[in-house]
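Both backbone and side-chain heavy atoms feed into the values below; hydrogens, waters and symmetry mates do not.
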Amino acid sequence: MIERYPHNDGDYLRIHRALQRSILNNIDKDPVRRDQRFEDVISTLRRALPTVNIIGRSDASQFSVFARYLPQVFSVHAVLVDSQPPIKSRLGFVDIVADIAFYCRSQGRGPDALSLLYTAEKLCNDAEPSEKTRENETRKLLKLQADILSLIAGILKPQGKEGRDRALEYIDRIIAIRKQELEGIPRKQWTELQGTNVTRALIDRALTLCYADRIDEAAPMYIEGMEYYKSVGNELRLNHLRIQWLWILSSRQKRQETRKEAAEALGFILRTLGDENPLTQQSRGRVARALFTIGDVAESLEMHKQVFSWRLGKHGHQDDGTLGSQYGLAVCYQHTGALDKAE
């Protein structure tokens, strides 16, 4: 009923579902005691897990901790979903999901976290503030809700037309929630985190519009985002945005600007994060697509090779990112006349 299984960070125990159900059924007989035990587990997990560095965008020093506790978060999720009657105090779990799902997305494993995120979305909806809720508690709940929806939208937007349409619906909700969260606070008094979250929502909308080939609508949003990150001195997010801006430049066939921006922005990200960071590989893949668009097929091919090799080694052949890189390689091979390799 219990077996040991290896993981990169050590050995773990897997409990057979029948035994899990038996344990849960016994625990559910005393809901008050069960809810207290659940709170104890959430508190323990929260102390063990770091809070993601939203402003810094990609803090590799946190990755190993998130990887270690990811199985436990999924186990807690199973308990939460299966418990009857439902566990009452659940927003502590949502707070954890906001961090662990951000980690999953940063590793190219966003779809793995969707079950957690959809549960967290429902819990936030169930906990919508009333007129009696204190202002600071309301703002905290709104921020948490927007964080969860932002992660869902980010995972959905590359998934074809249906994914883009759903992502845009989520993003419109996020923008409205962020405005509600900051209502009554003058913009000059926003913290950097608050300003960054508002800008993230704007840029999520811009990128989704790019996926839908609506670049003229997206362009002003990117300009506004870059101006904000310049104003607060956030160079990593600025250069990450410059990488996305390549979509606009290359689509408009601004060849020299595309090459210059690509070299500078990717160079900064590579120096700052190193070659093994997932954000570096994502950025290199976007540069490869931009270079292909302006006709630099040979350079694009070499970059696609690097990204494909890295993703294949990290995530395997069935990963969405790996398949995307493989497709980019195939198109480049086709355009260089290497039809056997393209096939």
Side-chain angles (χ1 to χ4, degrees), residues 31-32 35-36 38-47 49-57 73 76-77 80-81 83 85-103 105 113-156 166-205 221 224-225 228 232 234 237:
V32 174
D35 288 6
Q36 183 56 56
F38 184 81
E39 281 298 300
D40 291 342
V41 170
I42 291 298
S43 296
T44 301
L45 265 177
R46 183 68 276 179
R47 288 195 298 271
L49 287 169
T51 300
V52 294
N53 185 351
I54 295 293
I55 293 174
R57 180 61 176 81
V73 175
V76 172
H77 178 245
L80 178 63
V81 170
S83 292
I87 293 171
K88 290 183 179 179
S89 182
R90 302 173 290 184
L91 287 182
F93 176 73
V94 177
D95 187 57
I96 288 173
V97 169
D99 287 330
I100 204 79
F102 189 96
Y103 158 75
R105 189 180 169 212
L114 273 176
S115 62
L116 301 176
L117 288 165
Y118 285 138
T119 297
E121 178 188 11
K122 182 180 184 305
L123 297 179
C124 285
N125 292 339
D126 292 344
E128 286 189 354
S130 67
E131 293 181 1
K132 296 181 181 179
T133 307
R134 285 181 295 183
E135 182 178 337
N136 62 332
E137 293 176 350
T138 299
R139 291 191 194 280
K140 182 178 179 181
L141 174 59
L142 290 170
K143 176 190 177 299
L144 199 54
Q145 186 177 27
D147 288 346
I148 294 296
L149 298 184
S150 177
L151 288 161
I152 295 174
I155 295 166
L156 293 177
R166 290 181 63 198
L168 282 172
E169 291 175 6
Y170 272 107
I171 292 166
D172 287 341
R173 287 173 60 194
I174 294 161
I175 292 172
I177 292 169
R178 295 292 189 202
K179 288 181 179 178
Q180 187 180 356
E181 175 197 348
L182 299 175
E183 188 175 1
I185 303 177
R187 190 179 182 95
K188 290 182 179 180
Q189 294 179 21
W190 289 1
T191 65
E192 185 176 351
L193 178 58
Q194 289 169 333
T196 297
N197 280 333
V198 170
T199 305
R200 285 171 60 214
L202 183 73
I203 298 308
D204 279 345
R205 193 170 216 292
M221 300 178 192
E224 182 178 339
Y228 171 74
V232 296
N234 191 331
R237 280 197 171 274

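Of the residues Leu144, Leu45, Ile42, the one that meets the side chain to side chain contact (heavy atoms under 4.5 Å, CB included) test with Asp95 is Leu144. Checking each of Ile152, Leu149, Ile100 against Leu117 for a side chain to side chain contact (heavy atoms under 4.5 Å, CB included) leaves exactly one that passes, namely Ile152.
Side chain of Gln189 to backbone of Pro186: no donor-acceptor contact under 3.5 angstrom is found. Checked by atom type and distance alone, the side chain of Ser150 never pairs as donor or acceptor with a backbone atom of Ala146 at under 3.5 Å.
Heavy-atom minimum distance, Val97 versus Ala120: CG1-CB, 4.0 Å. Summarising the geometry of Gly195 relative to Trp190, their closest heavy-atom pair is CA-CE3, 4.0 Å, with the distance given to 0.1 Å. For the residue pair Ala201 and Ile171, the shortest heavy atom distance occurs at O-CG2, 3.7 Å. Between Pro31 and Pro85, the shortest heavy-atom distance links the atoms CG-CG, 4.0 Å. Residue Leu151 comes nearest to Ala98 through the heavy atom pair CD1-O, 3.5 Å, listed as atom of the first residue, atom of the second, then distance. The two atoms that bring Leu141 and Ala127 nearest to each other are CD2-O, 2.8 Å, heavy atoms only.
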Next on the checklist: Checking Leu91 against Glu137 for the side chain to side chain contact (heavy atoms under 4.5 Å, CB included) test, could you report, in this order, the C-alpha distance in whole Å, the side-chain angles of both residues, the deciding distance, and whether it holds?
Outcome noted: CA-CA 12 Å; Leu91 287 182; Glu137 293 176 350; over 6 Å; no
Next on the checklist: For a side chain to side chain contact (heavy atoms under 4.5 Å, CB included) check, start with the C-alpha distance between Thr51 and Arg46, then their side-chain angles and the critical distance, and finish with the verdict.
Outcome noted: CA-CA 9 Å; Thr51 300; Arg46 183 68 276 179; 4.0 Å; yes
Next on the checklist: Could you walk me through whether Val94 and Leu123 satisfy the side chain to side chain contact (heavy atoms under 4.5 Å, CB included) test, starting with their C-alpha distance in whole Å, then the side-chain angles of each, then the deciding distance to 0.1 Å, before giving a yes or no?
Outcome noted: CA-CA 7 Å; Val94 177; Leu123 297 179; 3.8 Å; yes
Checklist entry - Run the side chain to side chain contact (heavy atoms under 4.5 Å, CB included) check on Asp172 and Arg205 step by step: do they pass? => result CA-CA 8 Å; Asp172 287 341; Arg205 193 170 216 292; 3.2 Å; yes
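To the nearest 0.5 Å, the span separating CD on Glu121 from CG on Leu114 amounts to 10.5 Å. Atom NZ of Lys143 is separated from atom CD1 of Ile148 by 9.5 Å, given to the nearest 0.5 angstrom. Here Thr199 contributes atom OG1 and Tyr228 contributes atom OH; the two are 5.5 Å apart, rounded to the nearest 0.5 Å. The CG atom of Asn53 sits 8.0 Å away from the CZ atom of Phe102 when rounded to the nearest 0.5 Å. With rounding to the nearest 0.5 Å, the separation of CG in Asp35 from CG in Asp40 is 11.0 Å. The distance from atom CG of Leu80 to atom CG of Leu116, rounded to the nearest 0.5 Å, is 10.0 Å.
The closest side-chain heavy-atom distance from Ile55 to Val232 is not below 4.5 Å.
Side-chain contact annotation: His77 with Ser115, donor-acceptor N/O pair under 3.5 Å absent.
Not counting sequence neighbours, the partners of Val41 by the side chain to side chain contact (heavy atoms under 4.5 Å, CB included) test are Val76.
Between Phe93 and Phe38, the angle of the ring planes lies from 30° to 60°, which puts this pair in the tilted group.
Here salt bridge (charged side-chain N to carboxylate O under 4.0 Å, His left out) pairs that include residues 175-201, with residues two or more places apart or in two chains, are Asp147-Arg178, Arg178-Glu181.
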